[in-house]
Amino acid sequence: MKVDSFSLFSKSINKHKGSVFEASRYKRQLSFYPNNDKNYLSLYLTIIWCNDDDDESDDIAPSINWEVNVNFTLFVYNQTKDNYLVFQVVRRFHEMKKEWGFEQIISLETFKDVHNGYVVNDSCVFGAEVFTINQTAPISATLLVQRRFIDNPIFRWEIKEFFKITNKYEHNSQVFFSGAIEWHLSIGPNGQLSRDGKSLAMFLMMEHPKESTTYVEFCL
């Protein structure tokens with residue numbers, strides 16, 4: 001969905017709906033809010049209606065009890081870098097909840113800044129990729145993603161007499177505590193065993209790995 005004259009939209013229009021497209025028998029629509037009260041750009045996917053395979057009409061409203069699980073990805077195109085800001089989620093659409101998306105996909109200040117590449121010559125581009133999940137397939141896993149405040153996010157490891165390290169493939173730091181989890185750093189002065197010995201390897205290691213998966217944003 002390409003939007004020209006974005007500056008006019010952001011001043012006078014609260015919601016813009018794109019053209020209707022069909023994916024997996026369902027008519028869908030991509031819409032965005034260029035001027036919400038939280039100073040963020042919002043992007044949503046809406047199901048308009050469902051096509052009945054037994055009828056050739058395109059204007060058949062879905063039954064009252066319809067529902068569908070959708071794995072969809074919304075895109076904001078960066079025209080300067082030729083890549084995408086990507087947001088993916090799985091949601092259940094039904095008669096009482098036809099629209100899902102992201103309320104705060106990117107700050108308007110960042111989005112409108114021409115140096116960031118999202119708005120070029122007063123135009124911008126959005127997109128969606130949609131997959132309908134088989135209704136008979138079991139959905140038994142739940143992914144909870146949350147940002148946890150880290151009160152001690154920085155760990156500094158000073159290694160004295162670096163060239164006297166005897167184990168050239170694994171040398172570990174002391175254990176440190178961060179984000180309610182115990183960690184340690186591990187380095188390989190000669191890289192990993194599969195390498196040629198000309199690189200330094202460095203890893204963040206969880207001291208007591210959990211059965212469930214833990215996603216961590218970190219910088220070495």
Side-chain angles (χ1 to χ4, degrees), residues 40-43 45 69-92 100-107 109-111 113 115-118 125-134 136-220:
Y40 276 84
L41 182 76
S42 303
L43 193 59
L45 177 70
N69 293 296
V70 180
N71 182 346
F72 66 96
T73 305
L74 301 183
F75 304 91
V76 182
Y77 181 50
N78 189 313
Q79 302 176 65
T80 301
K81 298 180 180 179
D82 192 25
N83 59 21
Y84 298 89
L85 188 62
V86 179
F87 299 83
Q88 183 178 18
V89 71
V90 177
R91 289 290 183 264
R92 184 170 66 92
W100 285 101
F102 301 90
E103 183 181 18
Q104 298 185 13
I105 202 164
I106 186 174
S107 72
E109 181 181 1
T110 299
F111 182 76
D113 189 337
H115 297 94
N116 293 326
Y118 297 108
V125 181
F126 306 101
E129 186 176 42
V130 181
F131 296 96
T132 299
I133 299 175
N134 189 340
T136 62
I139 302 175
S140 58
T142 300
L143 172 64
L144 174 64
V145 180
Q146 61 181 0
R147 282 192 177 274
R148 175 181 295 171
F149 175 74
I150 306 298
D151 54 359
N152 52 337
I154 299 176
F155 172 72
R156 182 175 181 269
W157 181 24
E158 181 180 353
I159 302 175
K160 297 181 179 180
E161 298 182 328
F162 176 82
F163 293 104
K164 292 184 179 181
I165 295 177
T166 56
N167 189 337
K168 297 298 182 180
Y169 293 103
E170 183 179 358
H171 182 65
N172 298 327
S173 73
Q174 66 269 33
V175 175
F176 63 96
F177 191 78
S178 182
I181 298 176
E182 291 183 325
W183 311 87
H184 71 265
L185 294 180
S186 179
I187 65 167
N190 280 2
Q192 295 177 282
L193 291 173
S194 60
R195 301 302 181 183
D196 57 7
K198 296 181 180 180
S199 301
L200 173 72
M202 187 174 183
F203 302 92
L204 174 67
M205 310 291 292
M206 183 181 291
E207 189 69 12
H208 304 291
K210 302 178 181 180
E211 292 184 359
S212 59
T213 302
T214 301
Y215 294 94
V216 180
E217 182 179 335
F218 66 98
C219 179
L220 299 180

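Residue numbers start at 1 and run along the sequence shown. We use all heavy atoms of the structure for the numbers below, so side chains are in, but hydrogens, waters and symmetry mates are not.
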Engineer: Please give me the minimum heavy-atom distance between Leu74 and Ala128, naming the atom from each residue.
Structural biologist: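 Smallest heavy-atom distance, with atoms named: CD2-CB, 3.8 Å.
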Engineer: Identify the two heavy atoms, one from Glu182 and one from Phe177, that lie closest to each other, and give their separation to 0.1 Å.
Structural biologist: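 Closest pair (atom of Glu182, atom of Phe177, distance): CG-CD1, 3.8 Å.
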Engineer: Ignoring hydrogens, what is the shortest heavy-atom contact between Asn78 and Lys81? Give both atom names and the distance.
Structural biologist: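 That would be OD1-N, 3.0 Å.
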Engineer: Can you tell me how far the OH atom of Tyr118 sits from the CG atom of Leu85, to the nearest 0.5 Å?
Structural biologist: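 So the OH of Tyr118 and the CG of Leu85 are separated by 4.5 Å.
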Engineer: Does atom CD of Glu109 have more than 12 heavy-atom neighbours, drawn from other residues, nucleotides or ligands, at distances under 6.0 Å?
Structural biologist: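 Not more than 12 within 6.0 Å, no.
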Engineer: Do you know which two heavy atoms are closest between Ile105 and Ser42, and how far apart they sit?
Structural biologist: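 So the two residues come closest at CG2-N, 4.4 Å.
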Engineer: Can you give me the closest heavy-atom contact between Leu200 and Phe162, atom names plus distance?
Structural biologist: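 Scanning both residues, the minimum pair turns out to be CD1-CZ, 4.4 Å.
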Engineer: Run the ring pair (Phe, Tyr, Trp, His ring centres under 6.0 Å) test against His184 and tell me which residues pass, sequence neighbours left out.
Structural biologist: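 Scan of His184 (ring pair (Phe, Tyr, Trp, His ring centres under 6.0 Å), adjacent residues dropped) gives none.
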Engineer: Not counting sequence neighbours, which residues clear side-chain contact (heavy atoms from CB on, under 4.5 Å) with Gln174? List them please.
Structural biologist: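 Applying side-chain contact (heavy atoms from CB on, under 4.5 Å) to Gln174 gives Phe155, Trp157.
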Engineer: Can Val89 and Phe72 be said to form a side-chain contact (heavy atoms from CB on, under 4.5 Å), step by step?
Structural biologist: CA-CA 6 Å; Val89 71; Phe72 66 96; 3.3 Å; yes
Engineer: Could you list the residues that satisfy side-chain contact (heavy atoms from CB on, under 4.5 Å) with Glu158, not counting sequence neighbours?
Structural biologist: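 Here the qualifying residues are Arg156, Lys160.
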Engineer: With Tyr84, which residues qualify under ring pair (Phe, Tyr, Trp, His ring centres under 6.0 Å), at least two apart?
Structural biologist: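 With sequence neighbours excluded, Tyr84 shows a ring pair (Phe, Tyr, Trp, His ring centres under 6.0 Å) to Phe75, Tyr77, given in chain and number order.
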Engineer: Show your reasoning for whether side-chain contact (heavy atoms from CB on, under 4.5 Å) applies to Phe87 and Leu43.
Structural biologist: CA-CA 10 Å; Phe87 299 83; Leu43 193 59; over 6 Å; no
Engineer: Could you state the interatomic distance from CD1 (Ile181) to CD (Glu207), rounded to the nearest 0.5 Å?
Structural biologist: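 CD of Glu207 is found 12.0 Å from CD1 of Ile181.
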Engineer: I'd like to know if the side chain of Trp183 and the backbone of Leu204 have a donor-acceptor N/O pair within less than 3.5 Å.
Structural biologist: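 Here the side-chain-to-backbone pair does not exist.
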Engineer: Listed by chain and number, what are the side-chain contact (heavy atoms from CB on, under 4.5 Å) partners of Phe163, not counting sequence neighbours?
Structural biologist: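 Once residues adjacent in sequence are excluded, Phe163 has no partner under the side-chain contact (heavy atoms from CB on, under 4.5 Å) criterion.
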Engineer: So how far is it from Leu45 CG to Arg91 CZ, rounded to the nearest 0.5 Å?
Structural biologist: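 CZ of Arg91 is found 12.0 Å from CG of Leu45.
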Engineer: Once rounded to the nearest 0.5 Å, what's the spacing between atom CZ of Phe111 and atom CG of Asn116?
Structural biologist: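 With rounding to 0.5 Å, CZ (Phe111) is 10.5 Å from CG (Asn116).
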Engineer: What distance separates Leu220 CG from Ile187 CD1, expressed to the nearest 0.5 Å?
Structural biologist: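 Result: 11.5 Å between the selected atoms.
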Engineer: So, using salt bridge (Lys or Arg N to Asp or Glu O under 4.0 Å) as the criterion, who are the partners of Arg92 when residues are at least two apart?
Structural biologist: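 So Arg92 forms a salt bridge (Lys or Arg N to Asp or Glu O under 4.0 Å) with Glu67.
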Engineer: Report the C-alpha separation of Phe102 and Val76 in whole Å, then their side-chain angles, then the decisive distance to 0.1 Å, and conclude whether the side-chain contact (heavy atoms from CB on, under 4.5 Å) test is met.
Structural biologist: CA-CA 12 Å; Phe102 301 90; Val76 182; over 6 Å; no
Engineer: Of the non-hydrogen atoms in Tyr40 and Glu103, which two are nearest, and what is the gap between them?
Structural biologist: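 So the minimum-distance heavy-atom pair works out to CB-O, 4.1 Å.
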